[in-house]
Amino acid sequence: MANMTVKECCCFLKKLRNPSRATQHARLASETLFSINEIEALYDLFEGLSYAIIEDGRIHKEEFLLALFSNSSMQNFFADRLFDTFDIKKNGVIEFDEFVRSLSVFHPDAPESVKIEFMFRLYDLKHNGFIERDELKEMVLALLSEMNVDLSEDAVESILNKTILDADLNGDGKIDLEEWKIFISKNPSILKNMTLPLLRQVFTFLFYILTP
Amino acid sequence: MPEINPLFGKYEVGKLLGCGAFAKVYHARDITNGRSVAIKIINKHRISHNAHLVSNVKREIAIMRMLRHPYIVKLLEVMATKTKIYLVMEYVKGGELFQKVSKGRLPESVSRKYFQQLMSAIGYCHSRGVYHRDLKLENVLIDENGDLKVSAFGLSAVTGQIRADGLLHTLCGTPSYVAPEVFMKGGYDGATADVWSCGVILFVMNAAYLPFYDSNLMMMYKKIYDGEFRCPRWTSPDLHLLLSRLLDTNPATRITVDEIQYNSWFKKGHSMIMPLDDELTVVKREEQDKLTALNAFDIISFGSGLNLSALFDGESSSIGEGERVVVAESPENVIGKVVEVVKEVNVRVKKRSEFVVDLVGRNGEGVIGIEVFRLTEQLVVVEVKGGMGIYEEVWSRKIRPELIEQRDVVRG
């Protein structure tokens, strides 16, 4: 004990305070696609992210944006959506188990159905079980503004009409989960964002983060 | 010995193959598939005091992960813990070219084969903007099929003298392979310096001794600087000529990788010269030639906030570049312009389908991929992916300005 550095001592005390962490990690390993070693590595990553600004071991919106854009006050519609979807308990922060479970969806080996549902939740802005036309419009406009593209009202409407026509099979003007699944099967490239090949090599990307 | 075995639950670590200032190399077996690998273990504490070294290591590992070539040792996986970095590499069974040469000189036909393979590997890397900077016999391995493998590519910052075999130390740490301009003050070009080192390697394969050597280091520098060497009597005139072009002390007049392709000694029996043509080569005709019209969800998926890889990639993300631009042009015109513009530069166009093309750097595989999508009646989205080497030169400086000037002329 006498030879411990301050930092080691803190780590030691944290472990004493939190004897259930090993149990939590083991449970996550059994319920996600990550091995226990990878969960440990993800924990190191999570610690780095969650103590970046507000040192409470939970990822706040600013910390999430900082990690994605190196800018904690970046305004980005889709990053906000992603944050909200990661925040399963809807308490405004991402906790470790939410972080691991959400990342697991992006694993190359995660079932496609899981990815499809995650993406549906991502785009269902009002959380009412439908992707509605006005939600779709909001997202298209957000992207066009991100890309600095100025489209006429007519052009936007025409893109929306065509997409709704393709996806909305029962003609109620909005897309439900079943219709979404069919739409994805016809347009599989939309799912591309939902897979992060580098998650197969958790230790690889951690190299960049853990190296001083 | 690494403390946990199997390492990361995957690699059974075996005997020590070599060690150096920053790293140790072990033989290991991947227990998931039985494959032999070499694991280089770098101690972070040994390099962490030097920020320059750390950033070099990171950058070079990122580059190494991108290199895929039959004559370059593959980096299979990079892993890390808080104290160590683990580089899992392809294990080359045959041995070192050094050992072969130390038993006696190689016949000219064998030297030629190895040199052709060496140039293929070097050309591939140079076309991606990657230079070895530490080419020597000890970094060239020969696999069990008798093919050459260049090791330590992009790792010059950490190679040091990674040798267990005392015998090899006679060459280690000497400037024998270093081009004269490298130890002169001022900058030097990685490409021409690599060519010099290849010249020394070719000389040693043929002669079984170094072209410039002296037990006195200062004398050795002088010999390299003067560039005077004597070929053994068995050297053919053609080889002699090539060596004098490779070991030209003036980097500006030294033969280049491209020129070597046309050298008569080099060309003999060489079937791997990449033809350089600007014509469209249709690769996969059966792929649909129809232009993809973007639907609303395709458009949304372009959102940068949806790309989580930024969370993990850190600095390596700058290696593979890409962007999407919106252009007021017909899709046919976009592709037409791309083809027109690259006629001026040293790349080939491979057409995957009507609106998907790859721009291939010399000696390389697909480097920049360009795909055109329809956004509206008047606008298309041009998606560019790829990077390294020719991205900046070909896309950013040539094609992009050509396309972008059309922007804002027509609004959809």
Side-chain angles (χ1 to χ4, degrees), chain A residues 35-37 41 44-45 49 64 67-70 74 76-82 103 106 122-123 136-137 139-140 142-144 146-152 154-155 158-160 162-164 166-167 183 187 189-193 196-199 201 203-212, chain B residues 4 8-10 42 44-45 47-49 51 54-55 57-58 61-62 65 76-83 85-88 292-317 323-326 375-379 381 407-408 411-412:
Chain A
S35 70
I36 187 81
N37 278 333
D44 286 338
L45 167 66
L49 299 175
F64 191 70
L68 279 185
F69 303 106
S70 310
M74 180 81 183
N76 187 289
F77 185 90
F78 295 101
D80 285 358
R81 284 304 307 142
L82 211 48
L103 277 185
F106 290 80
L122 189 67
Y123 291 162
L136 191 55
K137 183 171 182 178
M139 293 188 281
V140 170
L143 187 278
L144 292 174
E146 183 186 323
M147 279 183 79
N148 263 324
V149 179
D150 187 9
L151 283 196
S152 69
D154 284 355
S158 131
I159 292 168
L160 290 173
K162 198 181 165 305
T163 306
I164 293 284
D166 284 350
F183 185 73
N187 301 276
S189 65
I190 292 174
L191 220 50
K192 217 162 47 184
N193 276 334
L196 282 172
L198 49 80
L199 284 181
Q201 295 190 355
F203 296 109
T204 303
F205 66 69
L206 284 176
F207 162 75
Y208 296 101
I209 290 149
L210 295 182
T211 306
Chain B
I4 340 140
F8 297 101
K10 190 175 173 191
I42 302 169
K44 281 190 199 170
H45 297 311
I47 61 167
S48 60
H49 60 276
V54 170
S55 69
V57 171
K58 283 189 186 182
I61 288 175
R65 288 176 58 202
L76 302 169
E77 205 172 355
V78 185
M79 302 182 294
T81 62
K82 284 203 166 90
T83 55
I85 301 163
Y86 301 84
L87 306 183
V88 182
T292 314
L294 296 169
N295 66 46
F297 290 105
D298 291 321
I299 296 172
I300 296 169
S301 69
F302 291 164
S304 60
L306 291 177
N307 184 4
L308 272 180
S309 55
L311 273 187
F312 313 105
D313 258 3
E315 293 168 34
S316 70
S317 56
E323 68 169 332
R324 294 188 193 86
V325 293
V326 176
L375 181 62
T376 67
E377 286 297 309
Q378 286 85 20
L379 299 177
V381 174
R407 175 86 185 273
D408 298 326
R411 282 263 152 93

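Proteins get letters first, then strands, A, B, ... in listed order; numbering begins at 1 in each.
- Counting only distance, with no hydrogens or angles, the side chain of Glu146(A) and the backbone of Asn76(A) share no donor-acceptor pair below 3.5 Å.
- Within the 4.5 angstrom heavy-atom criterion, only side-chain atoms of Leu82(A), from C-beta onward, approach chain B.
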- Message: If you apply the rule side-chain contact (heavy atoms from CB on, under 4.5 Å), what do you find for Leu136(A) with Ile300(B), and how did you get there?
- Response: CA-CA 9 Å; Leu136(A) 191 55; Ile300(B) 296 169; 3.5 Å; yes
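- Residue Phe183(A) touches chain B through its side chain alone, counting heavy-atom pairs closer than 4.5 Å.
- Heavy atoms of Ile36(A) lying under 4.5 Å from chain B are absent altogether.
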- Message: Show, in sequence, the C-alpha distance, side-chain angles and deciding distance for Tyr86(B) and Glu77(B), and conclude whether the side-chain contact (heavy atoms from CB on, under 4.5 Å) test is met.
- Response: CA-CA 8 Å; Tyr86(B) 301 84; Glu77(B) 205 172 355; over 6 Å; no
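- A distance-only check finds no donor-acceptor pair linking the side chain of Asp166(A) to the backbone of Thr163(A) [under 3.5 Å].
- Of the atoms belonging to Asn187(A), it is side-chain heavy atoms, and not backbone ones, that fall under 4.5 Å from chain B.
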